[in-house]
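Computed from a prediction, not measured in an experiment: that's the story for all the values here.
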Amino acid sequence: MSESTPYMAIENVSKIFGSYEALSDVSLDIHAGQVLCLLGDNGAGKSTLIKVLSGFHEPTSGTVKINGKPVQFKSPRDATAAGISTVHQFGGTFPLMSLGRSFFTGVEPTKGWGPFKYFDKKFANKVVVEQMQEMGITRVTDGDRFVGSLSGGERQVSAIARAVYFGAKVLILDEPTAALGVKEAAHVLRIIMQAKHRGIAVVLVTHNVSHALTVGDHFAVLIRGEKADDFAKGQRTREEITDLMAGGEAMAELEAELASLTGSGDSIHD
Amino acid sequence: MFNLRSMARRPEFSALMGTIFVFLFFSWFGRPNFLGFAGTATWVNVAAELALISLPVALVMIAGHLDLSVGSVLAAGAMTFAILSGYYGLPSWIGVIAGLAVGALLGLVNGLLVTKVKLPSFIVTLATMFSIQGIVYGVTRLTTGTVLVSVQVDEGVKNIFGGLMFDQFETAVLFALAMVLVVSWIVYRTRFGNWVYAIGGDEVSARAAGVPVDRTTVMLYIGSGFGSALLGVIQVALYSSAQVSAGQSYVFNSIIAVVVGGVLLTGGFGSPIGVLFGTMTFAIVYQGIYYTGWDSDWSALILGMLLLIAVLSNNTFRKLAMSAAKPKDKKKPAPGGGGGHAATATATTTATEKKATNV
């Protein structure tokens, strides 16, 4: 779809654990300013793929490229250095820490010199409130408040805000909407669009087809470790995608079976 | 109304309530001597000694670990001092430095074991507690032939570590106050302090955020080893002797003081000031009972109940601190292009396998 070099790409990546091939020959392009949706059922290899992208696993074979150049991520730290930031389902935050402290964990701003260097709480709290406000969490006005007092969606948003603030180029979101209510999920999706418009490459992992269709520019479907399909926005219908994710034939069989029991199998599409 | 929720956010709040309660309780039932100069000194001394171990142990516990070896390390530090300066007759300051160094070294061993072996710190430090105790018994008996070693502590060293101020207050009080200041600085003002909370909150996330988890944990154990040995040295300076079995009561007493002081047993929450209140509460109950004329056997019962009450009230305050302000509806339009889709599909996703395993 785009002729420019993707910011990040993986080519023919496989990952084998013992005798189990979690990923098999998967290639993906991740473009700046686009949302790539990784779809697939549980166990399809989405998590393994994220771990390869974020440096937790090294691929067994195949290459990872940044700006067209092959790279090797030995640890998550290497991936972070390349601008890759992963936000996990629950935001990866600390419920009993203040927002300011949690936001800057590992990269604490300091003031003063030598042994008298101290954590700049004022600055940390100011930044976190600004960032949250900018992301539409307007009720947060106090950086001393506990992370645990935020809702699931707000925690997700604060984790995204953190990644964006620290200059992420690739933002990997692992099921960000899975545990959220409708309203909160909508808010998170809006934040994803915001990140995209800032030129960040977003990898959205989900098995919620509706959420994917809402924000996605490009889609890849994984089935049992293999890339089953790869298409741009508008090239597939919602039903085609759902069928693909559920494994096509298996789904049709199940529908037939259910239809014979209840007289209607359509409802399972959602 | 001043803000109860922001007060509740402070871990020392409920600890202070506890201290005030037991202080008033024993001031009344222990009147008039409990409130006197000597009465005050008895519990302040006990609190100060306990604080020397509890404060560094509190940091270990905030990081989500335990240190059960503090009693054995105390004995090891004390015995090192006593054997070197008493049995071998070396200058006292050498014994002190060696004793403190042994404490820090044993802390280092604990820290390395906990971070490298990847077993729960409860088991690791339970094992080192016994191992160190065994070594202390064995080495002491081999070198000196006894289990109690006396020392003639040099005047200067005795005044610093085991002196009495106004004839009643141990210099340990000054050490404890200094330690509160140092630990508070570390916790509130350094990056290291932030890492301690992050590790206790969620070790995996802390690692992902770039916190040097192992190095920080090892440093914390060195701290608790040092604090234990410092108290061992102070006790030798006070009583001019060291005993192999000394210190084991501090294993549980320190945990009680730390928990009563508002530290969350699973880590991630707590404050040094709160722990100071915890040690005071403990000391007031422990010593106050003698002023009431009741049998001192009852102090253990009171401490046990206090511990339960403390944990329950800590939980209540923590919930209060975590409770979100009433969730205000943010009236915002659904995201462009597919609000309807978003609405229809969320229901099915809430029951994912992932959610179940991550909670």
> Heavy atoms only: give me the nearest A/Arg101-B/Asn194 pair and the separation to one decimal.
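Minimum heavy-atom contact is NH1-OD1, 2.8 Å.
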> Could you report the tightest heavy-atom contact between A/Arg162 and B/Ala209, atom names first, then the distance?
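Minimum heavy-atom contact is NH2-CB, 4.0 Å.
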> I'd like to know whether NZ of A/Lys51 has more than 12 heavy-atom contacts from other residues, nucleotides or ligands below 6.0 angstrom.
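Counting other residues, nucleotides and ligands, NZ of A/Lys51 stays at 12 neighbours or fewer.
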> Under 6.0 Å from the CE atom of A/Met135, do we count more than 12 heavy atoms belonging to anything else shown?
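Check passes, neighbour count above 12.
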> Could I get the full list of side chain to side chain donor-acceptor pair (under 3.5 Å) partners for B/Ser54, not counting sequence neighbours?
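Not a single residue meets the side chain to side chain donor-acceptor pair (under 3.5 Å) criterion with B/Ser54.
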> State the CD1-CZ distance between B/Ile186 and A/Phe119, to the nearest 0.5 angstrom.
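B/Ile186 atom CD1 to A/Phe119 atom CZ measures 15.5 Å (nearest 0.5 Å).
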> Counting only heavy atoms not in A/Arg224 (residues, nucleotides, ligands), do more than 12 fall under 6.0 Å from its CZ?
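At most 12 heavy atoms, drawn from other residues, nucleotides or ligands, come within 6.0 Å of this atom.
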> Would you give the length of the straight line joining atom CZ of B/Arg189 to atom CD of A/Glu108, rounded to the nearest 0.5 angstrom?
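Between B/Arg189 CZ and A/Glu108 CD, I get 14.0 Å after rounding to 0.5 Å.
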> Looking at A/Leu96, A/Val147, A/Asp120, A/Thr105, which makes the most heavy-atom pairs under 4.5 Å with chain B?
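Maximum pair count with chain B is reached by A/Leu96.
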> Mind ranking B/Pro212, B/Gly200, B/Ala206, B/Gly193 by heavy-atom pairs under 4.5 Å with chain A and telling me who comes out on top?
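If we count pairs closer than 4.5 Å to chain A, B/Ala206 comes out on top.
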> Report which part of A/Val107 has an atom under 4.5 Å of a heavy atom belonging to chain B: side chain, backbone, both, or neither.
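Answer is backbone: N, CA, C or O of A/Val107 sit under 4.5 Å from chain B.
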> Let me check something: any side-chain donor-acceptor pairs from residues 270-280 of chain B under 3.5 Å, sequence neighbours excluded? List them with distances.
| unit_1 | atom_1 | unit_2 | atom_2 | d |
| --- | --- | --- | --- | --- |
| B/Ser271 | OG | B/Glu12 | OE1 | 2.5 |
| B/Ser271 | OG | B/Gly274 | N | 3.1 |
| B/Thr279 | OG1 | B/Leu276 | O | 2.7 |

> Measure A/Thr110 against the heavy atoms of chain B and call it side chain, backbone, both or neither at under 4.5 Å.
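Interface part for A/Thr110: side chain.
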> With a 4.5 Å limit on heavy-atom distance, are the side chains of A/Tyr118 and B/Tyr188 in contact?
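A/Tyr118 does not reach B/Tyr188 side chain to side chain.
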